[in-house]
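All values derive from a computational prediction rather than experimental measurement.
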Amino acid sequence: MDGKIIHDGIHGSMKLTGIILDLVKTPEFQRLRNIRQLGLAYLVYPGANHSRFEHSLGAWHLAKRLSQEVGLDENESMLLQVGALLHDIGHGPFSHTFESIYKHYVKEHDHMHLGQDMVLGKVNITESENGGRIPEIIETYGYDFTPKDVANLIRGKHETHYLGHMLHGDVDVDQLDYLVRDAHYTGVAHGIIDLERLLKVLRIHDGELVVDEKGIEAVEGMMVARSLMYSRVYFHHTVKIAEGMLTRALEFALEEGYLWDFWRMTDCRVLVELEDLEGFPAEMVRRIKYRELYKAAVLASAEELTGEEKRELLAAYRNVKRRQEIERTLADMVGAKEGEIILEFSIADLMLSEPRLKATEINVLLSNGELQPLTKVTPLANALKRRQTPRWAVLIAAPREYVPKVREVWRKVLFN
């Protein structure tokens with residue numbers, strides 16, 4: 001069968017044929033070349049310039065390999081492969097950077113809903129006349145699944161549990177690819193996992209995806225890697241400050257009635273559009289471009305907060321208006337301008353961007369045929385659940401000159 005060979009920096013040569021090749025050629029998939037996998041992490045890790053395009057191909061490649069390892073039939077294998085290929089198709093600019101404001105400003109366009117709508121042909125995210133053909137391509141090949149089945153799998157709502165777990169589980173092809181890929185391109189060794197072993201020790205048992213008892217150490221290694229990558233890379237305080245600055249620039253534009261279709265844009269386009277608005281958004285883009293970032297005034301751990309304070313912060317972070325109000329009050333108290341104080345709360349952010357982080361519930365198939373949750377088999381799984389990821393719970397950033405004043409008054413402002 002004719003096809004194309006793509007050489008990937010992580011998985012080597014991958015041959016694309018049939019439905020996979022046709023989907024990769026769509027404008028929607030090609031758009032992912034222009035969306036960075038790790039948002040603004042390149043400001044801390046200069047090698048982190050890889051894209052959602054590469055990651056999506058990597059997830060597909062691992063879905064194909066896992067299908068063979070667990071013995072899926074052709075229809076289920078192709079459904080999983082198509083789901084893995086398209087699982088990030090709805091991502092907006094800078095990947096997870098703007099996740100916190102989707103719910104407030106464009107409710108129906110977070111990347112999961114958008115991906116589903118694109119697979120169903122309800123949304124054409126590109127300006128190309130060839131856009132919107134994804135459902136047609138899926139139907140043309142005549143497999144025993146529909147665009148709706150693919151959309152359900154992407155949303156984690158497919159009725160076949162083990163297929164859902166292979167894409168959205170405790171150990172899935174999405175995480176396996178991004179951990180290896182992100183570790184490689186950031187140069188952070190914490191993300192290195194035993195990928196080959198993990199693919200070999202997953203099984204389907206009684207309709208569920210389980211891990212063979214012989215593979216416990218490989219799963220433990222993956223969970224440690226995941227936890228450390230969140231601390232070290234994804235929630236590095238400087239990365240979160242840069243993302244906070246860009247988010248505030250976009251919020252400003254949206255409040256002024258501009259950029260309501262930002263979710264359609266690529267990274268470069270958003271920066272250009274914000275820069276063209278001049279004023280505060282342009283200033284934020286300039287600072288990001290030349291890495292003149294705000295400084296961390298407060299990095300408080302969860303242990304430094306009472307239960308009541310955590311609840312107050314969670315409520316504020318879920319309510320964009322309340323969070324903006326706190327930032328304005330802090331700015332007024334220290335003499336800063338609006339937008340010069342940024343409040344981030346990692347616990348709420350993690351709930352939005354990675355609900356799987358605390359997931360350690362995959363079952364282990366013991367040698368006697370019994371099933372046990374991973375937490376019962378290894379104490380490490382429980383320890384990782386309790387581990388504070390990242391080390392800071394509250395981050396407040398500001399231009400350098402306001403840092404001392406912010407440190408003096410932040411508790412009074414946040415907790416009356």
Would you sort out whether D149 and T146 count as a side-chain hydrogen bond (donor to acceptor under 3.5 Å, both in side chains), showing the intermediate values?
CA-CA 5 Å; D149 292 322; T146 63; 3.2 Å; yes
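- Heavy atoms of other residues, nucleotides or ligands lying less than 6.0 angstrom from NE2 of H205 number more than 12.
- A salt bridge links K321 with E255: the distance from a Lys NZ or Arg NE/NH1/NH2 to an Asp or Glu carboxylate oxygen falls below 4.0 Å.
- V211 approaches V219 most closely through the heavy-atom pair CG2-CG2, 3.6 Å.
- Comment: E292 engages R286 in a salt bridge, judged by a side-chain N to carboxylate O separation of less than 4.0 angstrom.
- Salt-bridge check for R323 with E251: passed, with a basic side-chain N closer than 4.0 Å to an acidic carboxylate O.
- Here ring-ring contact (aromatic ring centres under 6.0 Å, His included) pairs that include residues 47-70, with residues two or more places apart or in two chains, are H11-H61, F29-F53, H50-Y185, H55-H87.
- Sorted by first and then second residue, the ring-ring contact (aromatic ring centres under 6.0 Å, His included) pairs involving residues 119-155 (not counting sequence neighbours) are Y143-F145.
- In this structure, R52 does not pair ionically with E28, as no charged nitrogen and carboxylate oxygen lie closer than 4.0 Å.
- Ring-plane geometry between F415 and W410 is classed as perpendicular, the angle between the planes exceeding 60 degrees on a 0 to 90 degree scale with a lower cut at 30.
- In this structure, R65 pairs ionically with E196, as a charged nitrogen and a carboxylate oxygen lie closer than 4.0 Å.
- For R248 (side chain) and G244 (main-chain N/O), a donor-acceptor pair under 3.5 Å exists by modelled atom type.
- Of the options L38, T247, L246, a side chain to side chain contact (heavy atoms under 4.5 Å, CB included) to F94 is made by L246 and by none of the others.
- A salt bridge is absent between D182 and R232: the closest approach of a Lys/Arg side-chain nitrogen to an acidic carboxylate oxygen does not fall below 4.0 angstrom.
- For the residue pair Q30 / R33, a side-chain donor-acceptor distance below 3.5 Å is found, with atom types taken as modelled.
- Using modelled atom types and a 3.5 Å distance limit, the side chains of E74 and S77 yield no donor-acceptor pair.
- The two residues G39 and Y42 come nearest to each other via the heavy atoms O-CD2, 3.5 Å.
- The environment of CG in D8 is crowded: more than 12 heavy-atom neighbours from other residues, nucleotides or ligands sit within 6.0 Å.
- Here ring-ring contact (aromatic ring centres under 6.0 Å, His included) pairs that include residues 207-229, with residues two or more places apart or in two chains, number zero.
- Taking a cutoff of 4.0 Å between a charged side-chain nitrogen and a carboxylate oxygen, E325 and R328 do not qualify as a salt bridge.
- In this structure, K240 pairs ionically with E243, as a charged nitrogen and a carboxylate oxygen lie closer than 4.0 Å.
- Smallest separation of non-hydrogen atoms from L153 and L79: CD2-O, 3.6 Å.
- Judged purely by distance below 3.5 Å, without hydrogens or angles, the side chains of R226 and Q175 pair a donor atom with an acceptor atom.
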